[in-house]
Amino acid sequence: AGEDEGTRVTLFDRRTMKPLGSIAASVGPAPRLAFAPGAELLLIHGPAALELWEVPVAPLAPDQPLDARYRRWRQPADDPGVTHATIGAPAGTVTWSSGGALYRRSTERGSTAPTDPLWQAAEGTPVPGSFAPAPDGTQLAVLREGEKTIGMVEQGRPGIARVLGGHRFPVATVGYDAAGQLLSVDTGHTLMQWPAGAGSPRTTFLQALPEKLRLRGMLHLAG
């Protein structure tokens, strides 16, 4: 729906594809979703705000939206709005980018809104295009549009702690596999698997990419 009308998210049963219920949110146009199945949390975000919802199955009803008391918090976004957001794994934090800064907030109900950014891009440098949190929550892999490197932001340390380089083409997406290993794919169809410690990354050339470049779908191709 449009910004004035709000956003209606419909939840379906995966097996039967029957509607279970819906959530009414107000986050601005072109909303996006991030789901944490193990924690039954749904993050709805758009340029105007982020809303974190609990989505237990029991209170859902097909004919009415989920009661607002299941919304853990609402985070208004400063100009120019939210460009990317995700729930960490484990689902203890929500991290998002706005302008040239990254912010983080606990998923706990009534948690305090951040007053300072987790990381701020230097003036005149590319802003974060997207990012991926490590499964243990200790670091973030940050991408900036058009760059061939990956910036690593570590918990408790301001700014970029280290930079990973090796791609010949701009990096398109990053993510972590089930074992917690960082992987990245560039626009030249090259997949890199980065070791946890020192050492060279393992490089794999992918013959073809899916129409939509999503790292989770690439993990099966890496073997």
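Along the sequence shown, the residues carry numbers beginning at 1. Computed from a predicted structure; not experimentally measured.
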(request) Determine, stepwise, if the pair Trp119 / Glu154 fulfils side-chain contact (heavy atoms from CB on, under 4.5 Å). (result) CA-CA 10 Å; Trp119 174 73; Glu154 297 182 356; over 6 Å; no

Using side chain to side chain contact (heavy atoms under 4.5 Å, CB included) as the criterion, list what pairs up with [X], not counting sequence neighbours.
X: Asp67; result: Arg69, Tyr70
X: Thr112; result: none
X: Arg71; result: Glu51, Trp53, Arg74
X: Thr95; result: Thr93, Arg104, Phe131, Leu140

Using the side chain to side chain donor-acceptor pair (under 3.5 Å) criterion, which residues pair with [X]? Sequence neighbours excluded.
X: Glu54; answer: Arg72, Arg109
X: Gln181; answer: none
X: Arg32; answer: none
X: Thr83; answer: Ser97

Taking all non-hydrogen atoms of both residues into account, name the closest pair between [X] and [Y] and its distance.
X: Leu66; Y: Pro59; result: CD1-CG, 4.0 Å
X: Pro195; Y: Pro201; result: CD-CA, 3.8 Å
X: Ala34; Y: Ile87; result: O-CD1, 3.6 Å
X: Ala77; Y: Pro47; result: CB-O, 3.6 Å
X: Gly28; Y: Pro31; result: O-CD, 4.0 Å
X: Trp96; Y: Gln75; result: CZ2-CG, 3.6 Å

Rounded at 0.5 Å granularity, tell me how far [atom1] in [X] sits from [atom2] in [Y].
X: Thr203; Y: Leu191; atom1: OG1; atom2: CG; result: 8.5 Å
X: His45; Y: Ser98; atom1: NE2; atom2: OG; result: 12.5 Å
X: Leu42; Y: Leu52; atom1: CG; atom2: CG; result: 8.0 Å

I'd like to check [X] versus [Y] (side-chain heavy atoms, cut-off strictly below 4.5 Å). Are they in contact?
X: Ile150; Y: Val142; value: no
X: Leu20; Y: Lys18; value: no
X: Leu118; Y: Tyr103; value: no
X: Val27; Y: Leu50; value: no
X: Ile160; Y: Val153; value: yes
X: Leu183; Y: Asp177; value: yes
X: Leu33; Y: Phe35; value: no
X: Thr204; Y: Met192; value: no

(message) Looking at Gln120, I'd like to know if its CD atom is crowded, meaning that more than 12 non-hydrogen atoms belonging to other residues, nucleotides or ligands lie closer than 6.0 Å.
(response)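 Yes, enclosed.
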
(request) Supply the members, apart from Met17, of the Ile/Leu/Val/Met/Phe/Trp/Tyr cluster built from side-chain contacts under 4.5 Å; use none for a lone residue. (result)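 Cluster partners of Met17: Phe12.
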
(request) Tell me, with the steps shown, if Val55 and Leu41 meet side-chain contact (heavy atoms from CB on, under 4.5 Å). (result) CA-CA 6 Å; Val55 285; Leu41 294 177; 6.0 Å; no

Show which side-chain atoms of residues 164-172 pair as donor or acceptor with protein atoms under 3.5 Å away, not counting sequence neighbours.
from: His167; atom 1: ND1; to: Asp186; atom 2: OD2; distance (Å): 2.8
from: His167; atom 1: NE2; to: Ser184; atom 2: OG; distance (Å): 2.7

(message) Between Ser111 and Ser106 (side chain of the first, backbone of the second, donor and acceptor by atom type, cut-off under 3.5 Å), is there such a pair?
(response)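 Here the side-chain-to-backbone pair exists.
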
